[in-house]
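Note that the structure is predicted; figures quoted are calculated from it, not measured. In what follows, every chain begins at residue 1, and chains take the letters A, B, ... in the order their sequences are listed.
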Amino acid sequence: MAGPLKTVELNLPASREALAELEIGTVVYLNGRLFTAREGVYKRAIEDGAGMPAANVDLGTANFHCSPAAVIEPDGRFNVGAVTATASFRFAKWLDGWFKLSGCNIIIGKGGMTSEIYRDVFVPHGAIYLTTVGYGTGALLGRGIKDVPGVYWKDELGLAQAVWVLDVERFGPFIVESDLAGNSLFERENAKIAPGLARLYEGTRPATLRRYGETDDKTDEVI
Amino acid sequence: MIPLASLQSTAEALMAKAAIEIPDDYLAGLRRCADTEKGDLSAFVIQAMLENYEAAKEDRRAMCGDTGVPRWYVKYGNEARVEGGPVGLEAALRRATARATTGVPLRPNRVHPLWRTDHNNNVGINAPEIEYAFHPEGDWVDLTTVHKGGLFGSDYRMLFPGDGLEGIRRFFLDTLIGFGKRGLACQPAIVGIGLGGSKDACMVLGKQASCLRTVGSRNPDPKIAAMEEEFRELGNSIGMGAMGFMGSSMVVDCHIEVGYCHTGGMPMSVHMFCLSSRRATARIFPDGRAEFRTDPDWFTAYSRRDTVEWGETPLLAAAQ
């Protein structure tokens with residue numbers, strides 16, 4: 001078995017100094033307040049000009065790309081079962097506007113984005129990317145949620161796309177995918193795996209019927 | 001006559017079991033991955049998932065926050081009669097899906113593709129999907145629910161006989177590498193391959209191969225069974241593990257199902273059933289009794305028959 005990974009607990013909202021200590025590949029558990037937001041929220045807040053649904057102090061500054069498996073009970077209580085992230089690369093186009101509007105410095109999601117996006121958009125805003133683990137450790141993350149202080153835009157966007165504010169304790173695990181310098185753990189791992197790919201394909205040739213946009217460069221990504 | 005109330009209450013129990021309890025066969029397969037994984041990040045991910053399954057069972061909460069798109073597979077024994085008929089059964093499955101969405105709770109994932117309308121109950125136009133099969137004997141109905149994630153890890157391609165086994169191997173690798181990077185496919189996965197059939201049947205066979213066969217099961221054709229093992233090893237030799245980190249844990253098992261196809265073609269589909277391989281099955285009898293299990297037992301000698309008539313083989317052998 002492999003050795004243990006470096007593990008830290010991070011309090012939210014996170015200071016720049018605290019974020020500066022995080023290296024890619026570090027395991028992180030979170031304490032404090034964060035909120036969910038994905039394409040529905042980005043479109044409404046940025047493109048439709050609605051702005052943020054609440055103040056920073058009410059939402060936190062860590063944005064989770066997530067829809068919880070949750071229900072609002074008839075008496076108004078929130079029942080959150082499991083939470084896991086949704087793939088983040090689809091949301092890259094909104095992020096520059098989002099960082100300006102929201103003041104977030106942590107994005108939590110699935111699969112990360114490209115290092116180009118990290119350098120161009122994350123680094124100037126002093127933001128890092130944490131990836132969920134698995135995916136996903138929905139039940140472990142559900143355990144870490146201690147309170148749901150609010151749900152915004154549920155009527156406008158539906159339960160899955162609404163903004164869920166979550167107060168959490170030892171919420172995780174996550175892994176640092178991008179640090180303040182814009183490095184990407186996934187791209188580092190891809191680069192390590194790439195040299196072995198050619199031998200897998202030895203003796204094969206491209207399919208008789210090609211497809212538009214197809215590449216034979218297996219070091220490319222699909223995102 | 002199988003009572004409708006038993007069908008609905010069993011269906012609701014199945015929805016919760018699928019969402020919360022990882023099937024034993026997948027769990028054993030993942031533990032084998034954990035035993036051999038050398039990559040530190042990939043090993044950490046698998047260990048976290050093993051802990052996650054325990055947390056889900058202890059807390060009775062869904063193992064993954066993306067609870068997939070719940071769907072149903074229904075198998076009728078040839079003598080089965082259901083109260084309210086097939087329409088009654090479909091109503092019971094739609095009700096169970098909606099009730100479990102708030103009861104477990106599950107994420108209300110199902111929306112209209114264009115208007116994004118969400119009924120918050122995983123029910124809508126053509127949702128949940130209900131597929132049917134029949135068995136030559138039996139007065140029971142088997143219900144299986146599968147909650148598979150919906151976005152990554154599946155692909156289809158029209159290959160030709162001239163592409164040969166190497167073409168199959170290449171498309172298999174393309175799909176695993178493409179969707180394996182960053183762990184988009186949520187591997188290690190049960191990889192299902194559909195070969196042949198019409199285009200739609202090819203997709204259906206591959207999906208059923210990934211979702212409705214248990215880890216360790218083998219296709220009855222020995223040459224196809226050997227391909228299943230070869231492809232499992234091939235996938236695990238890519239150098240990629242959980243979340244696309246360096247490692248050896250891509251494929252918990254590989255299942256191949258075939259259907260006769262157009263003489264000019266060799267269509268192929270690939271599907272990956274993820275770290276939350278959610279399926280649960282129950283057999284419901286006319287007295288309302290339900291027997292729960294994790295093996296859907298979907299593919300049988302009868303379902304794979306290649307002759308015009310059924311009956312040369314004794315019925316008991318078909319039931320196996």
Closest non-hydrogen atom pair between B:Leu151 and A:Arg90, with its separation: CD1-NH1, 3.8 Å
Side-chain heavy atoms of A:Tyr135 within contact of B:Leu275, under 4.5 Å: no
A:Lys43 atom NZ, over 12 foreign heavy atoms within 6.0 Å: no
Reported CG-to-CD1 distance for the pair A:Leu197 and B:Ile238, which is rounded to 0.5 angstrom: 7.5 Å
Verdict with supporting geometry, B:Arg170 and A:Asp216, side chain to side chain contact (heavy atoms under 4.5 Å, CB included): CA-CA 11 Å; B:Arg170 189 177 178 100; A:Asp216 280 324; 3.2 Å; yes
Partner chain B: residue of A:Gly142, A:Ser184, A:Gly196, A:Gly158 with the largest heavy-atom pair count (under 4.5 Å): A:Gly142
A:Ile175 versus chain B, the contacting section by heavy-atom distance below 4.5 Å: side chain
Gap separating the CG atom of B:Asn109 from the OG atom of A:Ser67, nearest 0.5 angstrom: 7.5 Å
For the student: nearest non-hydrogen atoms of B:Pro105 and A:Ala70, plus distance: CG-CA, 4.0 Å
Pair B:Lys181 + A:Asp220, salt bridge at N-O below 4.0 Å: no
Approximate separation, where rounding is to 0.5 Å, of B:Glu166 CD and A:Thr204 OG1: 6.5 Å
Contact origin within A:Leu200 toward chain B - heavy atom pairs under 4.5 Å: both
Residues A:Lys218 and B:Asp174 bridged, charged N to O under 4.0 Å: yes
Check: B:Arg157 side chain, A:Leu209 main-chain N or O, donor-acceptor pair, under 3.5 Å: yes
Other residues, nucleotides, ligands: >12 heavy atoms within 6.0 Å of A:Glu9 CD: yes
Side chain / backbone / both / neither for A:Pro173 at chain B, heavy atoms under 4.5 Å: side chain
Residues from residues 226-234 of chain B approaching chain A under 4.5 Å (heavy atoms): B:Leu234
Sidechain N-carboxylate O distance under 4.0 Å for A:Glu202, B:Arg169: no
Side chain, backbone, both or neither of A:Val133 within contact of chain B (heavy atoms, under 4.5 Å): both
Proximity breakdown for B:Ser42 and chain A, heavy-atom pairs closer than 4.5 Å: neither
Contact class of B:Met63 relative to chain A, heavy atoms under 4.5 angstrom: backbone
A:Arg188 portion near chain B, given a 4.5 angstrom heavy-atom threshold: side chain
Region of B:Leu173 in contact with chain A, defined by heavy-atom distances below 4.5 Å: both
Please tabulate, for side-chain N and O atoms in residues 21-29 of chain A, each donor-acceptor pair with protein atoms closer than 3.5 Å (sequence neighbours left out).
{"residue": "A:Thr26", "atom": "OG1", "partner": "A:Glu23", "partner atom": "O", "Å": "2.9"}

Interchain contact, A:Arg205 with chain B, by part (heavy-atom threshold 4.5 Å): both
Modelled atom types, side-chain donor and acceptor of A:Thr208 and B:Asp163, under 3.5 Å: yes
Minimum side-chain heavy-atom gap B:Arg182-A:Glu187 below 4.5 Å: yes
Working for side chain to side chain contact (heavy atoms under 4.5 Å, CB included), residues A:Tyr201 and B:Ile177: CA-CA 12 Å; A:Tyr201 282 89; B:Ile177 293 170; 3.6 Å; yes
Set of side chain to side chain contact (heavy atoms under 4.5 Å, CB included) partners for B:Asp118, sequence neighbours left out: A:Ala160, B:Pro108, B:Val111, B:Asn120
B:Glu58 and A:Arg143: CA distance, side-chain angles, deciding distance, salt bridge (charged side-chain N to carboxylate O under 4.0 Å, His left out) verdict: CA-CA 11 Å; B:Glu58 279 172 28; A:Arg143 272 185 176 180; 2.7 Å; yes
A:Thr131 portion near chain B, given a 4.5 angstrom heavy-atom threshold: side chain
Pairs meeting criterion side-chain hydrogen bond (donor to acceptor under 3.5 Å, both in side chains) with involvement of residues 145-161 of chain A, two or more places apart: none
Non-hydrogen atoms of B:Met243 and A:Thr132 that approach each other most closely: CE-O, 3.1 Å
Residue B:Leu106 versus chain A: region with a heavy atom under 4.5 Å: backbone
Heavy-atom closest contact (B:Arg61 atom, A:Gly81 atom, distance): NH1-O, 2.6 Å
Top contributor to chain A interface from B:Ser237, B:Gly180, B:Ala19 [non-hydrogen pairs under 4.5 Å]: B:Ser237
Pick from B:Asp155, B:Val104, B:Leu165 with the largest number of heavy-atom pairs that fall under 4.5 Å of chain A: B:Asp155
Euclidean distance, A:Thr137 OG1 relative to B:Glu51 CD, rounded to 0.5 Å: 9.5 Å
Segment of B:Thr102 engaging chain A (4.5 angstrom heavy-atom cut-off): both
Options B:Gly103, B:Cys274, B:Cys186, B:Ser276, ranked by heavy-atom pairs under 4.5 Å with chain A, top entry: B:Cys186
Residues B:Leu41, A:Leu185; criterion side chain to side chain contact (heavy atoms under 4.5 Å, CB included); working and verdict: CA-CA 10 Å; B:Leu41 287 162; A:Leu185 176 67; 4.0 Å; yes
Nearest heavy-atom neighbours spanning A:Ala69 and B:Arg107: CB-N, 3.5 Å
Heavy-atom pair of closest approach, residues A:Thr84 and B:Gly65: OG1-N, 2.7 Å
Parallel, tilted or perpendicular, as decided by the 30° and 60° cut-offs, for the rings of A:Phe89 and B:Phe152: tilted
Side chain / backbone / both / neither for B:Phe160 at chain A, heavy atoms under 4.5 Å: side chain
Full working for salt bridge (charged side-chain N to carboxylate O under 4.0 Å, His left out) between A:Glu39 and B:Arg116: CA-CA 12 Å; A:Glu39 65 268 49; B:Arg116 316 309 288 181; 5.6 Å; no
NE2/B:His112: more than 12 non-hydrogen atoms of other groups inside 6.0 Å: yes
